[in-house]
There are 2 protein chains.
Amino acid sequence: MARRAGVNPATASRALNPALPGRISAPTERRVREAARALGYRPDPVARSLRTRRSGFVGVVVPDLTNPVIPPIVRGIEGVLWTAGIACLLADTDNDPEREALLVDELLARRCEGLIVSTATRTSETVNALAGSEVPTVLVTRDVDTRSLPLVAGDDAAGVDAAIAHLAGLGHRRIAHVTGPRNLSTTITRLRAFEGAVQRLGLNAFGLVVHGDAFTAGAGRRAAAQLLSRDDRFTAILAGNDLIALGCLEALAASGLRCPEDVSLVGHNDTPMVASLRPPLTTVAIPQRRIGVQAASMLVRRLDGEESPNNERLLLPTELIVRGSTAPPRVTAPN
Amino acid sequence: MARRAGVNPATASRALNPALPGRISAPTERRVREAARALGYRPDPVARSLRTRRSGFVGVVVPDLTNPVIPPIVRGIEGVLWTAGIACLLADTDNDPEREALLVDELLARRCEGLIVSTATRTSETVNALAGSEVPTVLVTRDVDTRSLPLVAGDDAAGVDAAIAHLAGLGHRRIAHVTGPRNLSTTITRLRAFEGAVQRLGLNAFGLVVHGDAFTAGAGRRAAAQLLSRDDRFTAILAGNDLIALGCLEALAASGLRCPEDVSLVGHNDTPMVASLRPPLTTVAIPQRRIGVQAASMLVRRLDGEESPNNERLLLPTELIVRGSTAPPRVTAPN
DNA sequence: TTGAAAGCGCTAACAA
DNA sequence: TTGTTAGCGCTTTCAA
C-alpha cells in the first residue's frame with residue numbers, strides 16, 4: 001500500500017495518526033502523506049477497528065421516526081457525530097420493547113462505541129441494563145423511571161407551567177388534561193407538572209385528567225370524547241402533545257363546541273403545521289435540534305473518557321407559543 | 001472462545017454458518033451451538049468483516065430527515081435491512097451537494113456494502129459517480145437526469161394526471177402550477193406530467209406555471225403571490241407539494257380569495273395533518289413506506305448478486321385523495 | 001525516530 | 001467431515 005510508495009512498513013501508521021505514541025520526523029511524515037495522497041490511500045476502518053476495538057460508530061435508537069418530534073433530534077445528533085468522525089447506526093424500535101431489546105443487542109454485537117436512545121417505555125429493561133454496561137449511553141427526550149442514565153430533554157415541566165399559567169391568566173379555572181400513554185416518561189413529567197401547577201394556582205382538576213392510549217389524533221379524540229361525556233365542566237384542555245390536541249379539536253367540533261370560544265386548547269411540541277390549523281394551536285415548543293446536538297455532544301465527551309455521573313440531566317428551555325386556540329373563557333362554562 | 005468449549009478451532013465457524021462450504025455432522029453442530037450458547041458467544045462482526053470484506057451495513061443518504069416525506073421511507077428501508085441482517089448508516093445531506101459528496105465519501109470509506117440514496121439534486125455528480133462504482137446503489141424518490149441508477153419512487157406522473165383530470169372534471173379550464181425547486185427530479189416529473197395532462201385535456205396553462213425555490217410554505221406563498229399579481233386568471237392550483245400548497249393557501253387568504261370557492265387547490269404527498277387544514281387538502285398520496293421497502297429489497301437482491309440493469313425503475317402507484325380544497329369553479333373566474 | 005514481528009477474531013483454502 | 005495453516009489491514013509492543 002502506501003508503504004510501498006514510501007519506504008517503511010507501519011511507520012506510515014504513526015505518520016498518519018499523530019495521536020499515536022512515537023514521534024515522527026517531519027520529512028518522513030511528509031513523504032508518507034504524499035504517498036498516501038498519490039495512491040488515494042484511505043486506511044481501512046474495519047482493520048483498524050479489529051485492532052483498536054473501536055468501531056467508529058454509535059447506535060441511535062428511536063421509538064418512531066414517523067413521530068415528528070424525532071427527526072429534528074436525529075438531525076442534531078447526526079450532524080455532531082459526523083463532525084466528530086463518528087457514524088450513526090439508526091434503529092427504529094416502533095415503540096416496541098421487544099424490538100428495542102433486539103435492536104440494542106444487535107447494535108452492541110456490532111461493537112458500537114456508544115448509544116443514544118429514545119426508549120420505547122419508561123420501564124424498559126433493555127435500557128436499564130445499559131446503565132450497567134460498558135458502552136456509554138445517553139437518553140434523549142424519554143427517560144426511564146430508574147433515572148439510571150444521563151438524559152437530555154426539553155424542560156417540559158416548565159413548558160406546562162407556562163401553559164397553565166397562561167390559561168389561568170386568561171381566567172380559566174377548570175382545566176382538563178388529556179395525557180399521552182402512561183408508559184412514557186414524557187407523559188408523566190407533563191402530568192406531574194400539570195398537577196403541580198394546578199395546585200400551586202389554587203385550581204381544581206378533579207375528574208379532569210384522562211389518559212390517551214397513544215400519541216395520536218385518534219387517541220386524543222377518544223379521550224376527549226370521554227371527557228366531554230362526563231358531568232365535569234371545564235373551559236380549557238392541556239393536551240399531552242399536538243396530535244392529541246388535534247384529536248381534542250376534532251372531538252370538540254363533533255360536540256358542537258368551538259375552540260377557543262367554548263374551550264381553549266394547548267398542545268405540546270410545536271409540530272409542523274399546527275400553526276396552520278384552524279384555530280392555530282397554542283403549544284409548548286421544545287428545542288428538538290438542540291436536544292439532539294447536546295445529547296450527541298454529551299456522548300462524545302463520554303467517549304473521550306470524561307467521567308460524568310449517570311444521573312447527569314440536561315433540560316433545555318421550552319417556550320410557550322401562544323396562538324389562536326387559547327382565549328378567555330366565557331362567563332359560564334359551556335359544557 | 002467457543003472452540004475451547006467444543007473441541008475444534010474453526011470448524012465452529014462452519015457449524016454456525018450453514019451457508020459456508022463444508023458439511024458439518026449433526027452432533028458436531030449441536031455441540032458447537034450448545035457451547036456457543038453456554039458461553040454467550042457472538043461472532044465478532046468486525047473480524048468477520050475484515051476477512052469477508054463485507055461490512056454488514058449499507059449507507060442511507062437522505063436530503064433532509066425533517067422533510068415529512070422522508071421518515072416513512074427510512075422506516076421502510078430500515079425494517080427490511082435489519083431483517084436481512086444489515087444495519088443502516090444514516091447520513092443527512094441537508095440538501096447540500098457538497099455535504100452529499102462528503103458523506104458518500106465517508107460512507108464508502110467505511111466500506112458500506114451498498115447505498116440507498118435520495119439525492120440532493122438531479123444533477124448530482126456524486127450520485128452519477130456511484131453509477132460507475134462497485135458498490136450497489138438504489139435511488140429513492142429522487143432521480144438523477146442521467147438515469148444511470150435504479151430508482152424506486154411513487155408514480156407522481158400518474159398522481160398529477162389524476163389530479164388534473166379531477167380538476168378538469170370539476171370544470172376547471174385554467175389551472176396553475178406552483179412547482180418545487182427546479183433542481184429536483186420530482187419537480188420536473190410533476191411539471192412534465194402537468195404539461196402533458198393540460199395538453200391532453202385541451203386546456204391552456206400559458207403564464208400559469210411559476211417556480212417555488214424550495215419545498216416550503218414560504219416559497220409557496222411567494223410563488224403564489226407572484227402568480228396572483230399577474231393578469232392571468234385561473235381557478236385552480238396544482239402545488240408542487242403540500243408545504244407549497246400551504247403557502248398557496250396563505251397567499252390566497254392574503255388576497256381575500258377563498259379556497260375552494262374561488263380557487264381550488266391540490267397538494268402532493270399527503271403529509272401528516274393536511275387533512276386537518278381548513279379546508280382539508282386534496283392531495284396526491286404516495287406510498288412512502290412501500291417505496292422504502294421496495295428500495296431496500298431491490299438493494300438486498302443486488303447485494304445477493306442478482307444482476308439487474310442500472311436503468312431498472314419501480315414506480316409505485318399513487319392515489320389522489322379528494323378532500324375539501326377542490327370544488328367546481330364559479331362561473332366567472334374570480335381573480 | 002524507525003523497523004520487525006506479532007496479533008486483533010474470523011473464514012478460505014488445502015490437506016487429512 | 002474435520003483440522004491446519006494462512007492471512008484480511010491495521011496498530012502495537014519491543015528492539016534497534
Side-chain angles (χ1 to χ4, degrees), chain A residues 1-57 85-87 106 108-113 134-135, chain B residues 1-37 39-57 85-87 106 108-113 134-135 303-305:
Chain A
M1 280 300 163
R3 332 201 149 160
R4 187 173 69 70
V7 266
N8 32 14
T11 304
S13 179
R14 297 188 263 247
L16 297 177
N17 286 43
L20 294 184
R23 283 281 136 55
I24 289 294
S25 71
T28 308
E29 175 170 349
R30 190 161 33 75
R31 274 218 319 288
V32 171
R33 290 196 177 281
E34 264 169 30
R37 193 158 25 76
L39 279 76
Y41 168 81
R42 315 262 322 224
D44 183 330
V46 176
R48 172 178 288 168
S49 286
L50 184 59
R51 190 66 238 239
T52 60
R53 321 250 27 162
R54 310 193 57 205
S55 61
F57 52 72
I86 297 171
E106 186 71 33
L108 293 178
R110 286 176 192 258
R111 301 257 193 283
C112 355
E113 288 183 55
E134 279 304 296
V135 0
Chain B
M1 281 300 160
R3 328 198 153 164
R4 187 173 67 71
V7 266
N8 34 15
T11 302
S13 177
R14 296 188 266 247
L16 297 176
N17 286 45
L20 293 185
R23 284 281 134 59
I24 290 292
S25 72
T28 309
E29 175 169 349
R30 190 160 34 74
R31 275 217 319 287
V32 171
R33 290 196 178 282
E34 264 170 30
R37 193 156 25 77
L39 279 76
Y41 168 80
R42 313 263 324 221
D44 183 331
V46 176
R48 173 178 285 167
S49 286
L50 184 59
R51 186 69 241 234
T52 61
R53 320 252 26 167
R54 309 193 58 203
S55 60
F57 52 71
I86 297 171
E106 187 71 32
L108 293 178
R110 286 175 192 259
R111 303 264 191 278
C112 38
E113 289 182 56
E134 279 304 296
V135 0
L303 290 176
D304 287 347

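Since the structure is predicted, the reported quantities are computational estimates derived from the model, not experimental observations.
- Look at Ser13(B) and you'll find a side-chain N or O under 4.0 angstrom from OP1 or OP2 of dT11(C).
- The listed nucleotides are dC10(C), dT1(C), dT11(D); the one nearest the side chain of Arg51(A) is dT11(D).
- Remark: Arg54(B) CZ to Ile86(B) CD1 distance equals 7.0 Å, nearest 0.5 Å.
- Residue order along DNA chain D, read from the 5' end via each residue's closest nucleotide, puts Ala26(B) first among Arg111(B) and Ala26(B).
- Rounded to whole Å, atom C1' of dC8(D) lies 15 Å from atom CZ of Arg54(B).
- Taking the side chain to side chain donor-acceptor pair (under 3.5 Å) definition, one finds that Arg30(B) meets it with nothing, sequence neighbours left out.
- Looking at the side chain of Arg53(B), the nearest of the listed nucleotides dC8(D), dT12(D), dT2(D) is dC8(D).
- Atom CG of Leu16(A) is separated from atom P of dT2(C) by 13 Å (rounded to the nearest Å).
- Across all strands shown, Pro43(B) has heavy atoms under 4.0 Å from sugar-phosphate atoms exclusively, and none from any base.
- Considering only residues two or more places apart in sequence or on other chains, Arg110(B) meets the side chain to side chain donor-acceptor pair (under 3.5 Å) condition with Glu106(B).
- In this structure, the helix from dT1(C)-dA16(D) to dA16(C)-dT1(D) shows an angle of 40° between the axis at its start and the axis at its end, each fitted on 5 base pairs and rounded to 10°.
- For Arg37(B), there are no side chain to side chain donor-acceptor pair (under 3.5 Å) partners at least two apart in sequence or on another chain.
- Note: CZ (Arg30(B)) to P (dT1(D)) measures 15 Å, nearest angstrom.
- Listed pair Thr52(B) / dT11(C) fails the phosphate criterion, with no side-chain N or O lying under 4.0 Å from OP1 or OP2.
- Residues satisfying the side-chain contact (heavy atoms from CB on, under 4.5 Å) test with Arg111(A), not counting sequence neighbours, are Arg53(A), Ser55(A), Asp44(B), Val46(B).
- Residue Ser25(A) places none of its side-chain N or O atoms closer than 4.0 Å to OP1 or OP2 of dT1(C).
- Contact annotation: side chain of Arg14(B) to base of dG3(D), donor-acceptor pair present below 3.5 Å.
- Residues forming a side-chain contact (heavy atoms from CB on, under 4.5 Å) with Arg48(A) (at least two apart in sequence, or on another chain): Asn17(A), Pro43(A), Thr52(A).
- Contact annotation: Ser49(A) side-chain N/O to dC8(C) OP1/OP2 distance is not under 4.0 Å.
- Closest approach of Phe57(B) and Ala87(B) over heavy atoms only: CB-O, 3.0 Å.
- With distances taken from any side-chain atom of Leu50(A) to the nucleotides dG9(D), dC10(C), dT11(D), the minimum falls on dG9(D).
- Mapping Asp44(A) and Glu29(B) onto DNA chain D via the closest heavy atom, the residue that lands nearer the 5' end is Glu29(B).
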